[in-house]
Structures are given as C-alpha cells and as structure tokens.
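One structure is given below, encoded as structure tokens.
Read the numbers this way: they start at 1 and go in the same order the structure lists the ligands and their atoms. All values below come from the heavy atoms of this structure, side chains included, with hydrogens, waters and symmetry mates left out.
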Amino acid sequence: MNAFEAGGEGRARLTQTAEWQALAKHREQLDGVQLRELFAADPARGSRLVVEVGDLHLDYSKHLVTEETLRLLRELAAATDVFGLRDAMFRGEKINTTEDRAVLHTALRAPRDAVIEVDGENVVPGVHAVLDKMAAFADKVRSGEWTGHTGKRIKNIVNIGIGGSDLGPAMAYEVLRSFTDRDLTVRFVSNVDGADLHEAVRDLDAAETLFIVASKTFTTIETITNATSARNWLLTELRAGQDAVAKHFVALSTNTGKVSDFGIDTANMFEFWDWVGGRYSYDSAIGLSLMIAIGPAAFREMLDGFHLVDEHFRTAPAELNVPLLMGLLGIWYGNFHDAQSHAVLPYSHYLSKFTAYLQQLDMESNGKSVQRNGEEVDWQTGPVVWGTPGTNGQHAYYQLIHQGTKLIPADFIGFAEPVADLLPGLVAQHDLLMANFFAQTQALAFGKTTDEVRAEGVPEELVPHKTFKGNHPTTTILAKSLTPSVLGQLVALYEHKVFVQGAVWNIDSFDQWGVELGKVLAKRVEPALTEGADVPGLDESTRALVGKYRELRGR
Ligand code: F6P
C-alpha cells in the first residue's frame, strides 16, 4: 500500500489512533502551562528552540510546547505517513486523487538537469523551455524591443487573472518592488466589478500597454470577461482592428484551444500543466508579469529559493524539518486547543499582500471536511488565515489578540535590514519597526502580571484592565533581508506546511470543489438580473433580493 492509498479504507480514523489519543492526554496534562514557567524551567529555551532553513531563522520557543509535545506531534506525523505522501508528491504520483492529477509545483523550480516524471515523461525540460521563452519575452519587453501595434515601447503591464492567477504575481510584485524596473507600471486586475479594470487602465496609453491574460483553464468567467473588455478598450483607444491584439495580448494557460478561440496568437502563449494547482502556480508561466518587472535573473533567484526549501522538506529529518514543524504546531492549536484561526503578521510593508496570498494557499487547500476516502472528518481542518502588516494591526486588532478570549497563534515575519533602495532618510525607521516586532511577541508570550501592574502604582480598579495574561503563542521568522530568494523560501515553507496539515488530516489539499456551486448559481442567476427571467430553483429570499435589485436599477 502506498502513501495515498493509505488515505483510503486502510487508514485508521485519525482521532482513534494511539498517537492522537496520546496528544489529547498530553494536552490535558499541560493544561494551564505558562510560557513564563517553561522559560523559567529552561533558560536556554530561547536559543534552543530555533531552526534554520536557507536564509530563514525560525524561533518557536514561544509556543505552548515541551519536548514531549514535539515528540508526540512527530509521532502523529509518522503514523499518518506525512513523509510517505511527501515522497509520492515529489515522485510525481497522482496524489490529487479527486482530479486524478500529479502535484508537482516543486518541478517548476527544479534545476535544469533534474528528472521528474509524470506518466513516464520527464517534465523538467518542458518547464525550462517555458522559463526560457518567458525570459526571452521579458527581456524584449524590458529592453523596448517588443513594441505595441503603433510601434511605441511597452511601459504598462496589466495582468488579468483571479485567484491563483492573480494573488501570487500581485503579492510577489509588491514584495519585490525594490527589485523592479521602476519605469514600468504593473497593475493587476481580478475583480469582475468593472471598477477594477476601469481604475487599472483609465490613465494608461493603450499604445504602451501589454495585457497578460492569466488563466489556467481560460474559462474563468471573471478573467474572460475582463480580458474581453480590455480588448475592446484597446481596439477602441487605438482605433485599430483585430490585428492589433497580437502585440498587446499574451496568455498564460494550460488551454491552447481556448486561448486561440479568444484571438490570442498561441505563439504568444506561455503554457503550464495540469499538475500545477492554481494556488501553487505563480512560479510557473503565471509569474510572467513578475518576471517582466524584476527580470529573468531575479526570477531565477526566487525559484532557487523555492527549490532550497523543497530540498529541505524532502530530505531533512523530522526533528529539523521546518515545514513539518510549522504544520504540526498548527495542528497542536487547531486540534488540541480549539484555535480557529491563524494570524500571519509581517513586519514589512512589502509583504502587505502576503497574508492574502496565503489565504488562498491555505484555505482553498485545507478548507475541506471530507477525507480522501470520501468519509466525513470529525476533527478540525484548515484554520481561518488572516493578518495584515504588523504595525498597522497593532493599532487595530492586536487588542483582541492580547486581551480577547480567543487563542490566536501567530507568525511574525521580519527582516534585519530595510530594502536596499530605501531613501537614506528613512533607513533609521527600520529599527523602530523591528523594535515593535520583537516587543509584540514578548508581550504576547509573557504579558504583564497583576503584581507588575500594581507595582507601577496603577489604581486598583484599573489593575484588571491593565493586566496582560500573556501565553499567546507565536513563531518568529527572521531573515537578513527580503530578497527574491527569501520570498521563494518563505512561500515554499508555507506551501509545505499546508501539505503537512492536509496529509495528517487525510484530506485532498489539491482540489477545490467547494468553489464550484457558487459559480454555477451565478450563471443561473444572471438572466434573472438582466432579463427578469424566472430562474427555477431560486429560493424565496434570493428571489426577493433579485426583485429589489431590479427595482433599484429601474428595470
Ligand atoms: O475558483 C477557484 C479557482 O479555480 C482557483 O483555484 C484558481 O486559482 C482560480 O479559480 C482561477 O482559475 P484560472 O486560473 O483557471 O482562471
């Protein structure tokens, strides 16, 4: 029996395994344990409970765990054969069973000489052929050799895509802004609300604008609608015919037929494959807008960063395996402490879209309630992932993390150095930013006792209000600087963390059937809005709302 067949009939019910039961018992024994106590009992804890991978230094000492907790969690991972499923993924086996697909985003960043087979075919040469084609195109745009229909140089790039065809490149463009060609304007359109495209193009010269239509399936209604509107806008602005499209539209897709139906020359299509999930795809052709912005060399550095963590995940022993550790810590809180959410709080303005990106990665992957064998789970699966850059959060929702009633484990991500091209006058602000970074994890872990508050002379009636119980678990991820490689390392870390959790929970982290129903219903409802058509199966509440909408629109 191989690892993913073990997800079928042969696998014991998770909550009934001896390993799960042992953790539940251990949790009871640890009830009420305080981080203050754990640190007092082990003064070296802060320097001992750290791991390194690539450029990332990860401190997990401020977690409600002992050596015993970590050992029991690793035993759960062994019992659920996390590494077996991992090896099957890296081998190109079809571990996405509900879609009968391999899961090989790791092949997208493999070196040129690697051999990774799907159905007996080595996919690595194809990956590098597309990367080379992307690099040649990116260089042409960046150098001005690629011109628009009227001969003008391309100065604006507009990526049209949604979900995994938007969040990844949009996030990474933001993260790596200081590595981008600042003469290029790069925008991302995803929302089918016409306002998104309107705001993206209203001040652009169509003759200088390149649209990148990013869609794995090339059937996603939001993307195709926006791409069609963008084409109309372009042709109207240029007063040109269909032949102008070739110089202003390229496609990123797995679907050659649909790309060609749309009118895009398939010579200007950059392909990827069905073994790349949408939310795992920005290091594929979906990253073309990013590659144009940062250049092929920086893009390769980013891929190498991903690969470094892939290799770590594939080969590091369980005790040192960082994605395994992160995944298991999440399981500890989600399954044994009833934590419902997980905050990711970057202390870098450039990571402002990072958590939004992780929301799709994590919640579309592990937001499941049916096991790989089709049976319902009776344990919690993926958490609600949320967060924004830390200092802004401090003045908004940190109050609830510090003194609310919910347990919210959080990842703090920060950098020793500001980005290289920061205006010299702003460099000094970095220490203040990072002082907040360190202060917050300290405050969350250790709080402020009633005695400490009293000792400050606080009036007795305010003492309970000013007391911080602490004991809020955090992971600190620190790196020297935010480079393309470090971004790749960070994303791969979270990808594999999500993998680990899905493997333990016995769910298919690589399908997304939960998004289908809404799509089907939207198609059905649209004629009710536009034509007042009587839509069968519309419930009473929705029917009344549609009526109100039509009334408000004067229809
Ligand atoms: O609806 C969800 C989804 O399928 C995501 O998984 C995907 O990233 C997104 O839609 C966009 O899909 P496509 O790239 O095929 O347009």
Is it the case that the ring center of Tyr494 lies less than 6.0 angstrom away from the ring center of Phe354?
yes
Residues lining ligand 1 [heavy-atom distance under 4.0 Å, listed by chain and residue number]
Ile162, Gly163, Gly164, Ser165, Ser215, Lys216, Thr217, Thr220, Gly278, Gln360, Glu364, Gln512, Val515, Lys519
Atom NZ of Lys155 with >12 non-hydrogen neighbours under 6.0 angstrom
no
Does Phe313 offer a backbone N or O that forms a donor-acceptor pair with the side chain of Arg86 under 3.5 Å?
yes
With no hydrogens and no angle check, do the side chains of Asn191 and Glu222 hold a donor and an acceptor under 3.5 Å apart?
no
Are Asp310 and Arg314 ion-paired here, with the side-chain N under 4.0 Å from a carboxylate O?
no
Could you check whether any side-chain N or O of Asp511 sits under 3.5 Å from a backbone N or O of Trp513, counting only pairs where one atom can act as donor and the other as acceptor?
no
